[in-house]
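Keep in mind that the numbers below use all heavy atoms, side chains included, and drop hydrogens, waters and symmetry copies. So that the names make sense, note that chain A is the first sequence line, chain B the second, and so on, each numbered from 1.
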There are 2 protein chains.
Amino acid sequence: VTREEKILMCVNGYFGETALKAARTHKRNIVLLEKDYGEAITPEDVEKALKENEDVRAAFVVYNETSTAVMNPLRELCKVFKEHDLLVMVDAISIFGGAEINMDEWGIDLCVGYASKALGGMPGICPMGISKRLWKILDERTAEPDAWYLDFRTWKKSIEEMSAWGHPHPSSMPTHTVIALHKALKRVIDEGLENVYKRHRVFSAAFRNAVKAMNLQLVAPEEYASPTITAIRLPEGIPKKLIDGMLDNFNIMISGGLGKLAGKIVRVGHMGFTARRDHISRTITALGYTLKELGFNVSVDAALKAFYDSI
Amino acid sequence: VTREEKILMCVNGYFGETALKAARTHKRNIVLLEKDYGEAITPEDVEKALKENEDVRAAFVVYNETSTAVMNPLRELCKVFKEHDLLVMVDAISIFGGAEINMDEWGIDLCVGYASKALGGMPGICPMGISKRLWKILDERTAEPDAWYLDFRTWKKSIEEMSAWGHPHPSSMPTHTVIALHKALKRVIDEGLENVYKRHRVFSAAFRNAVKAMNLQLVAPEEYASPTITAIRLPEGIPKKLIDGMLDNFNIMISGGLGKLAGKIVRVGHMGFTARRDHISRTITALGYTLKELGFNVSVDAALKAFYDSI
């Protein structure tokens, strides 16, 4: 979008806020749809925002808000975006390869993934999908670009002019990371996309059941719970001790909160190859045991039973 | 520099032109010092340009113009920049680790290297040096930034606020590439910087002597010849055949020309671990043999003798 055209920025967590910062730096004409951390962006929210701003041209949303473990209902949001003929930009970084994204059918124009999150590949490369409609808009654009390196047209020019000599990009690429991405994609396709998505759904739900069996409070409502990450509310001071304890005693790394939830939660990833029985069961054991040591009255047995009963 | 302050852009090849494109996209106030492909930027050129533009605030130069194999005399250029109290920005990508760069002594404020060129590491990471003076200017700047992700202050904020939880950067990093960079740096330091620089100087000069013994014409004048790459002028049609022949028959990859020299030259890299006797001697053999097959009257014997006599 140009600086004149309005863009609807859907923000309900730290990574939405990050995108908002970037959009503000680039002086975009922003309509802000903001929900609290832990809440989802709903089709009704979008309807309301668009009714109040009929001249919106584009929309941005984070599919999987990693800071809160809320998965926004992207397919339903896209239906509303489509009705209003919006250009749709999606941050799918932490869910790319872990849940369905159908750019063509849902009407997504720009989709950003990542190699080492739900796909289970190596970090260092950011696969992106760009719709034909968006390429056409970029080709026909007369507004001056804001950036050189981050302008898609710089990359398109390289693809068109430099492919012949085996260098379809404007700068040196980490070849090994491209090869690793190819391998990760192949592995996911070999397992079958539907199987991979189902594995993430089943094991994330089972993990949440284990967490609930430990009487812990989840950040995301079950309806919008992410299949790749779970966020757990804990009393002040506990998150740091829990993270350190699990790393020191079990060699399992979990994360703390970001933005408004800093110091208030822990986040446990279960994506790619970690969305499996062995990884999650030992995470449950470590989580329960470390919480016990921190004075919580939890039953590791009950948590593991809830997990195994759910898979 | 802000959009008001003048920046001297020194351009004498494809990579200087690329930086110029980026500076123009970002609407900088540019004073252009342009020399032809194959020529060096000299202190006299800079003196003249600064005399005509006394209000220049900053300068940019490519240390090693990879497209022409010209190494600009950076130390001498920096003396002139320093006399005029300029902010100095250097693209040292293809020579970082292969020749001396003394940021503090020479007065360089921003220096951009690369992990996999002369350093011989893995691609995918771009080490940068930023002077205290530049950080101070950035801290005190009131002009609004043009970018979010590429604003150094975004990175500084991450270093300051996110280091405590082990994440001093605004996005996911390719951890393995960072570790590989550390290893490459250690290897270079173990060999000794002076030894590494000397190795590049000796073997590049010896390679040029071999090329001259094949009666081929070099693009860069000997005085400004790069220690990491050599460019050779060839009749039309020959570069592509030579590149293909060396790859097909000897598994050695050399490159063609860029920008104004596209189709007119070949470029042979000799940097990092390839700046050694074994790599260069077999490159000379392959180069000479493939040229012979293309109808050139060259003596591989004479070329190898010139090489061995020079090391």
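Between A:Ala99 and A:Tyr63, the shortest heavy-atom contact is CB-OH, 4.0 Å.
Taking a 6.0 Å sphere around NZ of B:Lys27, one finds it holds more than 12 heavy atoms contributed by other residues, nucleotides or ligands. For B:His182, the NE2 atom counts as loosely surrounded, since its 6.0 Å shell holds 12 or fewer non-hydrogen atoms of other residues, nucleotides or ligands.
Remark: A:Asp139 engages A:Lys156 in a salt bridge, criterion side-chain N to carboxylate O under 4.0 Å.
Ranked by heavy-atom pairs under 4.5 Å with chain A, the first of B:Asp146, B:Thr177, B:Ile93, B:Ile243 is B:Asp146. Taking chain A as the reference chain and counting heavy-atom pairs below 4.5 Å, the highest number among B:Ala23, B:Pro123, B:Pro145 is found for B:Pro123. Ranked by heavy-atom pairs under 4.5 Å with chain B, the list A:Met162, A:Glu144, A:His26, A:His176 is led by A:His176.
With a 4.5 Å cut-off on non-hydrogen atoms, B:Lys117 touches chain A through its side chain but not through its backbone. Only the side chain of A:Leu258 comes within contact range of chain B, judged by heavy atoms closer than 4.5 Å.
Side-chain contact annotation: B:Thr154 with A:Lys21, donor-acceptor N/O pair under 3.5 Å absent.
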